[in-house]
Amino acid sequence: MKIIVFGIGKVFNKVKHCFYEDKTEVVALVDNSSKLCGNSVDGYMVDVPEHIQQYQYDYIVITSSCAVEMRQQLIELGICPEKIIHYKDYIGSLPVETPVTQMDALNPNVLILSNDFGYHGGAIACISLARVLRRESYLVTIAVPSAERKLMEELSSEEGIKVIVIDNLESLSNENLEWTREYSYVFANTIVMLRCAVKLAQNRNVYLWIHESIDSYSANKYWYDEIRNGIEGNKLIIGAVSEVAKKNFLSFFQTEKEIAILPYGFDDRYKRSIFSKGSKGNDVTTFIVVANHAALKGLDILLDALDCIPMEAKNKCRFLFVGKANSNEHGKLIKKRIDETANCEYLGELSREKLFEVYSWTDIIIVPSRRDSLPLVAAEAMMLKKPCIISDAVGTAAYIKHGHNGLIFKSEDREELAGLICWCLENKAEMASLAENARETYEKWFTMDKFRDRIRCACELL
């Protein structure tokens with residue numbers, strides 16, 4: 001196969017090894033940059049897009065984060081759309097090692113396709129789903145594009161749940177997804193696996209479980225028409241973790257597809273002797289934020305709120321930050337502000353066991369997100385009988401009555417958040433009542449028994 005590679009930047013340098021395969025002949029490298037054109041890269045003289053028609057090729061592979069615009073540029077240059085391929089699709093068509101899973105005639109097998117395995121909400125929800133299915137006597141295989149070693153080790157002892165890692169899983173071609181036919185049921189977890197779900201739903205029922213904020217959807221823009229057509233098929237069943245997640249999906253794809261609400265559930269970790277003790281010091285109230293340092297998580301809102309708190313009150317608090325620090329400018333700024341703000345401490349990204357240890361001496365949990373469908377940390381706060389302060393922009397707000405089982409502030413309102421933090425310091429008895437009511441909310445909505453009932457209904461659709 002002869003290809004032209006269009007886009008010689010960061011993405012190209014990351015994936016170019018895939019183009020130099022024995023069965024592929026790269027006939028030209030093309031880029032829009034005047035700085036690159038005319039220069040040699042990997043032994044090729046980089047050419048301009050206007051010269052593409054001079055070459056003999058089978059496909060043009062776009063390697064850029066601006067693929068939508070570049071595809072349109074090629075079409076305007078007279079290139080047939082069928083000759084244009086996204087680099088993810090190209091890589092997804094390359095041969096993959098077929099996963100081998102032992103099937104059991106007595107116990108049906110379930111496949112869960114999920115996003116990268118790490119200590120974040122989508123992966124933790126996936127593990128809860130796997131555990132529910134296992135308790136229902138299914139053998140479960142979780143397929144992911146990558147996985148953190150610690151999380152894999154935590155799951156390795158759970159009999160009947162297997163995790164396999166397949167590079168570029170989310171973009172595998174139909175041919176490279178043939179191995180999935182062996183499974184009785186298929187769940188696709190998170191919007192990352194949306195294209196896989198659409199492809200598989202051409203021939204079988206697939207349950208797509210969505211969690212994401214609206215920010216995640218732009219990654220699918222290049223394949224919008226393909227996905228939009230696939231959504232309408234009756235074999236693709238969709239469940240959203242919250243009304244917010246459902247609204248995000250419908251607003252991006254503009255479809256009337258019926259979407260069920262399928263909140264997650266998780267095992268009860270509450271032990272009164274451990275989680276009722278709170279802060280190590282009686283004179284200090286410990287607040288915790290569990291979130292990566294992305295802008296949508298709103299850590300800057302909380303840090304701004306701390307500037308609005310009187311020093312006397314601030315000295316009665318400590319704020320712990322748990323989560324992955326991002327390397328972009330926003331992430332660096334957040335980390336710098338945490339380090340420079342009094343009574344704030346960054347604990348890094350923690351394993352589940354270490355996080356629950358920190359929860360044990362936490363008094364109050366804050367979720368300042370600008371956008372969040374159903375943050376796991378808020379539901380865990382309810383489970384552990386910990387009061388929670390949340391933004392009204394997150395899906396959990398649908399389960400909270402302000403002042404009864406939690407506290408809600410208007411998203412972006414730093415002063416209101418600061419006021420609620422101060423209120424917590426002054427109203428310890430009311431906070432204890434909030435905690436009790438929050439626990440009741442967990443028992444009503446987020447236990448594994450409640451989740452099991454919802455998953456049974458989902459399996460009936462498959």
Stepwise side chain to side chain contact (heavy atoms under 4.5 Å, CB included) check, K246 with I238: CA-CA 9 Å; K246 175 180 176 178; I238 306 179; over 6 Å; no
Taking [X] first and then [Y], would you say they form a salt bridge - that is, a charged N and a carboxylate O separated by under 4.0 Å?
X	Y	result
R456	E460	no
R135	D449	no
K247	E243	no
R337	D300	no
K450	E443	no
E158	R134	no

So how far is it from [X] [atom1] to [Y] [atom2], rounded to the nearest 0.5 Å?
X	Y	atom1	atom2	value
M193	L169	CE	CG	4.0 Å
E50	C37	CD	SG	8.5 Å
N189	L113	CG	CG	9.5 Å
I455	R131	CD1	CZ	14.5 Å
T362	F287	OG1	CZ	10.5 Å
L77	H51	CG	NE2	11.0 Å

So [Y] and [X], do their side chains get closer than 4.5 Å, heavy atoms only?
X	Y	value
H120	N292	no
T141	I164	yes
L139	P108	no
L155	F117	yes

Could you tell me whether the side chain of [X] and the main chain of [Y] form a donor-acceptor pair under 3.5 Å?
X	Y	value
N176	L172	no
R370	A295	yes
D47	V30	no
T180	L177	yes

If you count heavy atoms of other groups shown closer than 6.0 angstrom to [atom1] of [X], is the number above 12?
X	atom1	value
E97	CD	no
Y59	OH	no
Q53	CD	yes
Q254	CD	yes
E256	CD	no
K354	NZ	no
K257	NZ	yes

Verdict with supporting geometry, E440 and K444, salt bridge (charged side-chain N to carboxylate O under 4.0 Å, His left out): CA-CA 6 Å; E440 290 180 7; K444 182 177 180 180; over 6 Å; no
Intermediate values then yes/no, salt bridge (charged side-chain N to carboxylate O under 4.0 Å, His left out), R414 and E412: CA-CA 6 Å; R414 290 123 171 102; E412 304 281 356; 3.3 Å; yes
Please tell me whether [X] and [Y] have a donor and an acceptor in their side chains that are separated by less than 3.5 angstrom.
X	Y	value
Q73	N32	yes
S184	N109	no
N205	Y185	no
S411	D392	no
E175	S93	no

Result of checking R439, R352, K386 against E380 for salt bridge (charged side-chain N to carboxylate O under 4.0 Å, His left out): R352
Whether Y183 and W179 hold their rings parallel, tilted or perpendicular, with breakpoints at 30° and 60°: perpendicular
Aromatic ring pairing Y217/F252, orientation class (parallel under 30°, perpendicular over 60°, tilted between): tilted
What heavy-atom pair brings [X] and [Y] nearest, and what distance separates the two atoms?
X	Y	result
N115	P145	C-CD, 3.8 Å
C459	L133	SG-CD2, 3.9 Å
S171	R195	OG-NH1, 4.2 Å
A130	I142	CB-CD1, 3.8 Å
E170	V192	CB-O, 3.4 Å

Residue pairs involving residues 439-462 (criterion ring pair (Phe, Tyr, Trp, His ring centres under 6.0 Å); sequence neighbours excluded): W209-F451, Y264-F446, F266-Y442, Y399-W445, Y399-F446
Derivation and outcome, ring-ring contact (aromatic ring centres under 6.0 Å, His included), residues Y346 and F321: CA-CA 5 Å; Y346 175 57; F321 293 80; 8.0 Å; no
Pi-cation contact, F356 with R269 (under 6.0 Å, within 45°): yes
Derivation of the side-chain hydrogen bond (donor to acceptor under 3.5 Å, both in side chains) call for E212 and S373: CA-CA 6 Å; E212 284 77 7; S373 294; over 6 Å; no
The single option from V5, I85, T63 passing side chain to side chain contact (heavy atoms under 4.5 Å, CB included) against Y90: I85
Stepwise side chain to side chain contact (heavy atoms under 4.5 Å, CB included) test for I389 and F409: CA-CA 7 Å; I389 304 174; F409 71 96; 3.9 Å; yes
Worked check of side chain to side chain contact (heavy atoms under 4.5 Å, CB included) between I62 and I84: CA-CA 7 Å; I62 299 177; I84 305 169; 3.5 Å; yes
